[in-house]
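A short worksheet on the structure shown next.
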Amino acid sequence: MSGDHSHNEDQIDCGSRVNDSHKHKDKYKEKEHKHKDHKKDKEREKSKYGNSDHKDSSDKKHRDKEKEKMKHKDGSTDKYKEKHKEKRKEEKMKSFDEKIKKEKENGFASPPYMKSEPEDDFYHSPKHERSLKRERDVDDNDAEFKPKKIKTENDKKAKKRKQDEDIKSKKTKHKKEVTDGKKKAKKEPEEKWKWWEEERYTDGVKWKFLEHKGPVFAPAYEPLPSHVKFYYDGKHMKLSPEAEEVATFFAKMLDHEYTTKDIFRKNFFKDWRKEMTSEERAKLTDLKKCDFGEMSNYFKAQSEARKAMSKEEKQKIKEENERILQQYGFCLMDNHKERIANFRIEPPGLFRGRGDHPKMGMLKRRIRPQDIIINCSKDSKVPEPPPGTKWKEVRHDNKVTWLVSWTENIQGSIKYIMLNPSSRIKGEKDWQKYETARRLKKCVDRIRAQYREDWKSKEMRIRQRAVALYFIDKLALRAGNEKEEGETADTVGCCSLRVEHIKLYPENEGQEYVVEFDFLGKDSIRYYNRVPVEKRTSILNKHLQELMDGLTAKVFRTYNASITLQQQLKELTTAEENIPAKILSYNRANRAVAILCNHQRAPPKTFEKSMQNLQSKIDAKRDQLADAKRELKSAKADAKVRKDEKSKKAVESKKKAVQRIEEQLMKLEVQATDREENKQIALGTSKLNYLDPRISVAWCKKWGIPVEKIYNKTQREKFAWAIDMAEDDYEF
DNA sequence: CGGTGAACTTAGCAAAGAGACG
DNA sequence: CGTCTCTTTGCTAAGTTCACCG
């Protein structure tokens with residue numbers, strides 16, 4: 001590594017971002033560690049490399065072991081029963097569940113596997129699997145997706161697990177079959193399936209069997225009661241149902257500021273008129289003369305009424321939703337019941353783009369069965385369209401993951417119904433993403449050296465490419481594809497930056513060669529940063545592909561995010577701290593990443609107030625502590641005089657009280673710091689999409705932090721694979 | 001071999017839900 | 001036990017990537 005890499009320190013403190021979350025820090029005393037300087041990163045980096053290399057050599061062995069056991073057991077150990085016993089409406093899924101069984105009997109039990117590397121055949125290839133295998137596409141990208149890497153971290157554990165499970169699974173499987181019959185009525189929930197212990201498809205096939213119930217459509221429009229009137233130019237006017245529906249969309253948004261925006265109003269009115277009868281169209285020519293007031297009030301009253309509903313009524317609605325979820329919220333994919341992410345079709349309404357969107361206010365039309373394409377397997381029960389309707393198409397494409405699709409009318413893009421992040425199909429992909437990022441880790445030095453070299457190239461294209469890559473790496477910018485002008489808000493990423501987004505200062509505030517960025521990125525979120533630096537995109541990705549198999553621009557974001565988390569965790573966590581303080585450290589590490597990736601949020605509306613509340617809680621706690629201390633003192637004095645058991649006991653209990661209060665106070669203060677620092681930072685996006693969950697899991701294990709403190713239920717479901725496989729020594 | 005569209009990931013915000021508070 | 005507050009979930013827009021087409 002040459003001197004040019006102070007790289008990773010830069011990742012974090014690379015500029016004076018406008019919304020630096022730490023700027024308010026001193027407002028609330030900073031008793032805790034601050035972010036330290038990151039000078040040690042370099043060394044750390046190095047030693048890590050050593051580490052991982054070392055590790056790799058042993059990986060292979062484990063991998064091979066791992067393969068031998070690819071039995072796709074359905075995870076039939078009892079230990080998971082607990083988690084599962086929560087509400088389950090078995091009856092509804094009966095048909096699915098039955099199918100699961102049937103297919104197992106058919107010997108169709110699990111995704112056949114085709115190994116990606118020839119030499120693997122040498123190690124393992126049970127005949128029965130083989131027979132189901134497909135030819136693998138030679139050019140398939142997944143081929144590069146090394147099972148070897150993947151199996152890496154779970155090795156130790158897997159080995160352990162393997163041993164007891166091999167024994168156990170024989171037992172349990174047996175038991176299961178026996179008990180199955182009588183349990184029929186009250187079936188045991190399917191055990192959590194550890195798909196990450198199975199082989200995956202490698203030939204572009206996404207599934208072998210797929211059955212689902214189709215989408216849930218938006219409820220039909222219910223015309224307004226006749227007392228809710230619409231006025232045009234002060235006069236009551238009864239609208240046709242079609243026109244009325246669109247009018248209600250506008251009425252519902254009346255308080256929102258974008259109903260005041262010109263483009264929004266113009267687009268809305270234009271589309272609204274299309275839905276009107278010709279008489280209506282002739283009459284309604286000026287949006288300003290439209291009075292939606294009664295409609296608006298009516299909807300407000302409705303939502304009030306909904307809030308005021310009795311418990312029973314609310315319960316009923318909840319149950320109905322649960323019923324729909326059970327019926328439509330799951331599918332059967334390759335013998336496993338999987339949760340669907342978005343089984344409800346998007347309801348009609350007015351399009352609200354983000355930022356300065358040219359199409360805001362346009363009518364997003366209602367999706368009907370004849371707009372819907374169903375995707376499922378040939379041998380499945382095709383979902384029924386609603387009575388009297390037909391699907392647009394039913395297809396059986398197992399090279400894609402979606403179950404339902406339709407074309408949306410605003411941008412003309414396709415929307416999909418897909419599976420939940422906890423599903424095998426999403427989880428595998430997510431895992432793969434982090435493995436690619438880890439491979440980048442191994443060659444990032446080389447790549448960084450090369451693009452620096454390329455800055456000197458005589459070819460302009462090469463120089464441009466190298467600069468783009470440098471920014472993508474150093475600043476974690478997005479790739480920045482071209483967009484159609486006038487179709488979307490004017491936002492940019494690295495390769496679409498224009499001159500007006502950048503200012504160059506040979507010298508600025510004492511630093512040399514400063515680049516100032518100021519542009520709107522994804523979701524029209526502002527990116528502002530000033531960076532001191534050393535003295536276009538398909539092309540870019542092609543180039544990256546040559547540098548490393550599977551490397552694209554976004555891998556840098558994943559890589560830099562994850563490596564930053566790992567470094568920051570190492571740096572910020574201290575053994576002595578208690579759990580709340582450790583979690584603050586975790587959040588700070590997470591925050592460093594969020595800042596790097598520019599994940600911002602609007603400060604919560606009630607932020608100041610909630611901060612004050614918290615502060616007064618702290619003050620109260622301080623008073624309480626002072627009182628407790630006083631009491632302790634007098635108890636001590638008392639004990640000195642009396643010297644009896646009773647007063648000694650009193651001292652002890654007062655001591656405990658003081659301690660307890662001190663702890664509570666500390667916790668509150670930590671909370672205040674955390675919240676303040678987090679004012680405009682959104683941690684969720686990086687946590688969910690950029691941070692290799694195994695880093696977090698390992699950190700939890702290392703410091704004895706319950707993983708629930710870091711991941712909520714949904715997140716634990718999504719990252720089940722990581723929670724299961726990562727040990728405390730996992731290295732990204 | 002560039003352009004385009006399909007497929008899939010990433011993103012912030014708002015509504016709903018859960019939990020704390022009085 | 002209603003209300004207020006914070007967290008979680010749902011929603012869907014807005015990105016990236018890659019295969020395919022002419």
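Side chains included, hydrogens not; waters and symmetry mates left out as well; all remaining heavy atoms used. Lettering follows sequence order; numbering is per chain, from 1.
Checking B:dG12, B:dT10, B:dA7 against the side-chain heavy atoms of A:Thr685 singles out B:dG12 as nearest. Looking at the side chain of A:Lys415, the nearest of the listed nucleotides B:dA6, C:dA13, B:dA14 is C:dA13. Side chain of A:Lys426, nearest nucleotide from B:dC8, C:dT8, B:dA14: B:dC8. With distances taken from any side-chain atom of A:Asn712 to the nucleotides C:dT9, C:dC6, B:dC8, the minimum falls on C:dT9. If you check C:dA13, B:dA11, C:dT9 against the side chain of A:Glu346, the one that comes closest is C:dA13.
For the pair A:Lys307 and B:dA15, the criterion of a side-chain N or O lying under 4.0 Å from OP1 or OP2 is not met. OP1 and OP2 of C:dA13 both lie 4.0 Å or more from every side-chain N or O belonging to A:Lys359. When the side-chain nitrogen and oxygen atoms of A:Lys206 are compared with OP1 and OP2 of B:dA7, none of them lie within a distance under 4.0 Å. A close approach under 4.0 Å does not occur between any side-chain nitrogen or oxygen of A:Asn613 and OP1 or OP2 of B:dA20. Close to B:dA6, at under 4.0 Å from its OP1 or OP2, lies no side-chain N or O of A:Lys399.
Computed from coordinates, the A:Lys318 NZ to B:dG17 P distance equals 7 Å when rounded to whole Å. Atom-to-atom, CD1 of A:Ile340 to P of C:dC11 comes out at 13 Å; the value is rounded to the nearest Å. In this structure, A:Gln715 places its CD atom 10 Å from C1' of C:dT7, rounding to the nearest Å. For the pair A:Ile373 CD1 and B:dG5 C1', the computed distance is 13 Å after rounding to whole Å. Rounded to an integer number of Å, the gap from A:Lys252 NZ to B:dA15 C1' is 14 Å. B:dG12 atom P lies 13 Å from atom CD of A:Gln680, rounded to whole Å.
The nearest heavy atom of DNA chain C to A:Lys609 and to A:Ala341 marks one nucleotide each, and the one closer to the 5' end goes with A:Lys609. Between A:Tyr690 and A:Asn321, the residue whose closest nucleotide on DNA chain B is further toward the 5' end is A:Tyr690. Take the nearest nucleotide of DNA chain B for A:Tyr416 and for A:Asp430: the residue whose nucleotide is more 5' is A:Tyr416.
Looking at A:Arg366 and A:Glu245, a side-chain N of the basic residue comes within less than 4.0 Å of a carboxylate O on the acidic one, giving a salt bridge. A salt bridge links A:Arg591 with A:Asp674: at least one charged nitrogen is closer than 4.0 Å to a carboxylate oxygen. Between A:Arg323 and A:Glu320 there is a salt bridge, since a side-chain N of the basic residue sits under 4.0 Å from a carboxylate O of the acidic one. Under 4.0 Å is where a charged nitrogen must lie from a carboxylate oxygen, and between A:Glu608 and A:Lys679 at least one such pair does. A salt bridge links A:Lys713 with A:Glu717: the closest approach of a Lys/Arg side-chain nitrogen to an acidic carboxylate oxygen falls below 4.0 angstrom. Here A:Lys426 does not pair with A:Glu338 in a salt bridge; the nearest charged N to carboxylate O distance is not below 4.0 Å. Ion pair A:Arg438/A:Glu435 flagged as a salt bridge, since at least one NZ, NE, NH1 or NH2 atom sits closer than 4.0 Å to an Asp/Glu carboxylate oxygen. Electrostatic pairing of A:Glu677 and A:Arg588 counts as a salt bridge here, judged by a charged N lying under 4.0 Å from a carboxylate O. Comment: A:Glu304 engages A:Lys307 in a salt bridge, judged by a side-chain N to carboxylate O separation of less than 4.0 angstrom.
Helix-axis bend for the helix from B:dC1-C:dG22 to B:dG22-C:dC1: the local axis fitted to the five terminal pairs at one end deviates from that at the other end by 10°, rounded to 10°.
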Check the interface with nucleotides 14-17 of chain C: list each N/O to N/O pair with the protein under 3.5 Å, or write none.
unit_1 : atom_1 : unit_2   : atom_2 : d
C:dA14 : OP1    : A:Arg354 : N      : 2.7
C:dA14 : OP1    : A:His357 : ND1    : 3.3
C:dG15 : OP1    : A:Thr491 : OG1    : 2.8
C:dG15 : OP1    : A:Asp523 : N      : 3.2
C:dG15 : OP2    : A:Lys483 : NZ     : 2.8
C:dT16 : OP1    : A:Ala479 : N      : 3.2
C:dT16 : OP1    : A:Gly480 : N      : 2.6
C:dT16 : OP2    : A:Asn481 : N      : 3.0
C:dT16 : OP2    : A:Asn481 : ND2    : 2.8
C:dT16 : O5'    : A:Asn481 : ND2    : 3.4
C:dT17 : OP1    : A:Thr552 : OG1    : 2.9
C:dT17 : OP1    : A:Ala553 : N      : 3.3
C:dT17 : OP1    : A:Lys554 : N      : 2.7
C:dT17 : OP2    : A:Asn541 : ND2    : 3.2

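Remark: aromatic rings of A:Tyr258 and A:Phe264 are close, center separation under 6.0 Å. Within the 6.0 Å centre-distance limit, the rings of A:Tyr690 and A:His599 are counted as a close aromatic pair.
Here A:Arg306 lies out of heavy-atom contact (under 4.0 Å) with every strand. Residue contacts for A:Lys314: at a heavy-atom cut-off of 4.0 Å it reaches no nucleic acid atom on any strand shown. Using a 4.0 Å heavy-atom distance criterion, A:Pro421 is classed as making no nucleic acid contact. Contacts of A:Leu688 with the nucleic acid, taken as non-hydrogen atoms under 4.0 Å apart, are absent.
Remark: side-chain polar atoms of A:Asp356 are not paired, donor with acceptor, to backbone N or O of A:Asp490 under 3.5 angstrom.
Looking at residues 401-409 of chain A, you'll see A:Thr401, A:Trp402 sit with a heavy atom under 4.0 Å from some atom of DNA chain B.
Here CH2 of A:Trp207 is found 15.5 Å from NE2 of A:His336. Values are rounded to the nearest 0.5 Å.
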